[in-house]
Structures are given as structure tokens and as C-alpha cells.
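To start, the structure itself, in C-alpha cells.
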Number of protein chains: 2
Amino acid sequence: MIKLLISEDHQSLLDGLLLLFKGDDAIEVIGFARDGQELLEILQHKKPDVLLTDINMPRMNGIELCKKVKETNPKVKIVAFSMFENEDAIKDMLEAGAMAYVLKQRPLAEVRKAIISVSRGERYFDSTIDLSQIENTEKSKEKTLLSPSEREILKLIAQGKNSSEIAEIRFTASSTVLKHRKNIIQKLGLHGKGELLRYALNKYKHY
Amino acid sequence: MIKLLISEDHQSLLDGLLLLFKGDDAIEVIGFARDGQELLEILQHKKPDVLLTDINMPRMNGIELCKKVKETNPKVKIVAFSMFENEDAIKDMLEAGAMAYVLKQRPLAEVRKAIISVSRGERYFDSTIDLSQIENTEKSKEKTLLSPSEREILKLIAQGKNSSEIAEIRFTASSTVLKHRKNIIQKLGLHGKGELLRYALNKYKHY
DNA sequence: AAGTAAATACCCTTTAAGGGGTAGTTTCAT
DNA sequence: ATGAAACTACCCCTTAAAGGGTATTTACTT
């Protein structure tokens, strides 16, 4: 029997998962939580084989949870379960230690398959996820394209900061921030502040 | 037996709902769809008592679906099922004809309760929804605060349009659009274009 | 018919930031 | 230690739009 912990903030979906695994002779749900913080507490006195976790959760998101679980319980295999087909989210989860990624758009049966796969030490990605594309994703593009300063500034832009505020935060001249901003727009092929803000907001909203 | 149609783009959650109603002696699922468009097609040859629908769906969202169902099949009772506790979304669904609103954060049992309630002609709102607050929501504030033109311009801003584009769309001088923009900022107590764009994007992202 | 709110369109001034440069200075890897 | 990349900081010019007004017309309200 695979011992499973579930972390999912949507109770309705959690209920569906519990219904799915009730009476399952291969998987046993030994606990569940509605956010990462709560799951970490449960993990102190439970020893699961697999953790199924959502990404977007209150208090602690799936990416942070994943990292912490891997630090303290490295043997636990992690399945990411999310509505985001955003390549960044997938990449972040993989980097944080997840072995599988299943979209909420997929049938529940896929979640079960993923859990069984990771329990055997195999990776699992649902058929709608193109792993080869993950490597060429916008984030990788951004990582090679944008310099560290530029990436930091992009994050600050996502937080709604304007150039002079960013300049203060970074202890640098606003002319420098302006320059970085221009370079970001140019490198990412954006058109104007509107698109820049949209891009930044979209990229960092789940963090 | 209550004849139920379901419209939900997350297959995993749909699977959970189907598991829940399988063997239910009060509710029978007679069909399901992954978006509003698909559901309308099903509705042409099925006669449900109740429609359970998500709000955020591809092709046609729950608000549009709700309106169209009410036009063609006014007797069908509608339960909105969404992850948004956004007051605007709730208000829009109610205005569009929904009789119940349940959050995905709530247990599946509440969905069942809501379906049974609306089938009897009663309304249903899960306990986390404060209906009295819905009336004092930001949208109502906005409705009394912002004039019709201002609201339209806010939507166009959310679509990434700049003032000259908005002027073309509305067949008006860009000076007028600029004036409306300034008034919106002033009325909503925002600070600059960044906040305006963020506000607009946040408000209209689900539409 | 008078009053009010809204929409329209303009005024002026200032700021933020795009678009396009140049140039000095760290920093790091080969 | 040499060279590339990144960071820094400035130049120019232009545009979008904020911030603050005013005036006219339209439309609804009582």
C-alpha cells in the first residue's frame, strides 16, 4: 500500500480525491492539509511514501512546501497537481523536487497513475505537458536573456513599483533602472509599459 | 430524481463530482461539458432541472452561459461553483440568474445541498459567503462612484488599450479619455497608471 | 423650468518612461 | 591578464499620461 499525503486548498477537489482513493487497494490516504504549513505539521508525525500537492495554496505554496519536504524527508516522492500549465510553475516544481506534474484539467485517473509511477521511482507527466518544451520555455529564455539585475527589476515591476521606487530599493540611480527597464522590454520583445507590467504580473502572480 | 447538468473545465473536479453523484438516489447526472459552449449544445437535447456550472471556463464563461440558459430554458435552476470569492463574480452570477453560489474551497457535500435547495426553488449560499456584504462590495461602490463611460474605459484599460486606442474605439477625443482616466484614478483613490492598470487587470481578468 | 450629473473637449505644466545612444567600471572565467 | 558580460550612469528626443483646471452640451430628476 502506498501511503499518501494530500495538500490541496480546494476542499471540493480534496473530497473528490478522497472519494477516489476510498477502497483503493494500492493507495491509502494517511492525511491531508489545506495548505503547505498545515502539511508540514502533519509530516512531523506521519511517514508517507508520496505527497500529492497543489501549487497555489494560502500561507505556503506548493513550491516552498516541496523544497522543505525535500530537505527534511528526502525520500518522499512528490506529485504536483495544479491548474497552471504555465511552464514556469512546472519548472519551479521540478527544480524544487517534484517527480510528477498533473494538471487539474486532466482526469482523476491520471493523478492515480502519477502517484503509482512516482512510488516506483519513475517520473510522470500528463500527456498534455510537453517536457521537451519545458527546456525551451520562456523562463529559460529569460534566464539566458535577462541578467540578474534585470530579473530582479522585473520582479519589482510585478510588485507595482515604479522606476524611482526601484532605484531606492536597489540603491542605484533611476537612470540605471530606466536603462534596465528598456533592456528588458527590448530583450523580451515587449511593446511599452503596459505589456511589461502585464508580463511581470503574469509571471510573478503565483509567488 | 433531480436531473443535473454539469459544466466544469477541470476534469479532475468533474470526475470528483461524478463520483459523488454515482449511486445518489436524489440526483442524476444527465450530462456534462468542459465549457459553456459545449453545455449549450447538450442543452438542445437534454432537459435538466439543475445546472451546476463553473465560472472560469474556456470559450464561454459561466456568466455568459448563465444568461443564455436563462433566455432559452428559464426553468433550469443554476448553481454557480467557483474558486473566486470575488464579490464581483458572485454578483455577476446572481444578476445572470444563478440561484446558488458555492466555493470550490467548500466540501462537495455543500454542492449537493445547493443542488437540492435550488431544485426546490430555494436559494443557497455557502456559509463563507456574506450576502449582506455583497451589496456593499467594491463593485457597488464602483457602480455608484464611476459613471458608465468611466466603467467602460476601465474595461478597455484592462484589455491593455492606451488612451488613443480607447478614443478610437469610443469615437471620442483622446483628451476626453484622458479626462475620464484621471477621474477614475481620483475616484478610486489610486496612484498613477501602474495602480490603475493593476486595478483594471485584477478586476476584469476573469471576463 | 431649474437643477444636477455626466459626458465631452479643451487648457497648462510636469513626470515617467520609451527609443536610441555612449562610456566607465566591476566581475568573472578562461 | 585579457576579454566578455554585466552593471552602472549618463546623453538626446519624444510620447503618454498624471494633476489640475475650465466650459459646453446633453440628459435625467423633481
Nearest heavy-atom neighbours spanning B:M83 and B:Q105: O-NE2, 3.3 Å
Of residues 171-180 of chain B, the positions that come close to DNA chain C - non-hydrogen atoms, cut-off under 4.0 Å: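 Contacting residues: B:T172, B:A173, B:S175, B:T176, B:K179, B:H180.
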Whole-Å distance between [N] [atom2] and [X] [atom1]?
X: A:E195; N: C:dA17; atom1: CD; atom2: C1'; result: 15 Å
X: B:I166; N: C:dA9; atom1: CD1; atom2: P; result: 14 Å
X: A:E150; N: D:dA5; atom1: CD; atom2: C1'; result: 11 Å
X: B:I184; N: C:dA6; atom1: CD1; atom2: C1'; result: 13 Å
X: B:N183; N: D:dG20; atom1: CG; atom2: P; result: 12 Å

Hey, is [atom1] on [X] packed in by over 12 heavy atoms from elsewhere, all under 6.0 Å?
X: B:K155; atom1: NZ; value: no
X: A:K187; atom1: NZ; value: yes
X: B:K70; atom1: NZ; value: yes

5′-ward residue of the pair B:R170/A:L190 relative to DNA chain C: B:R170
Side-chain N or O of A:S163 closer than 4.0 Å to phosphate OP1/OP2 of C:dA17: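 So the side chain of A:S163 is within the cut-off, an N or O lying under 4.0 Å from OP1 or OP2 of C:dA17.
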B:R181 vs D:dG19: side-chain N/O to OP1/OP2 distance below 4.0 Å: no
Any donor-acceptor N/O pair under 3.5 Å between C:dG20 base and A:K182 side chain: yes
Polar side-chain atom of B:E38 near backbone of B:R34 as donor-acceptor pair, under 3.5 Å: yes
A:I153/A:I184 under side-chain contact (heavy atoms from CB on, under 4.5 Å): CA gap, chis, key distance, verdict: CA-CA 9 Å; A:I153 285 170; A:I184 294 167; 4.0 Å; yes
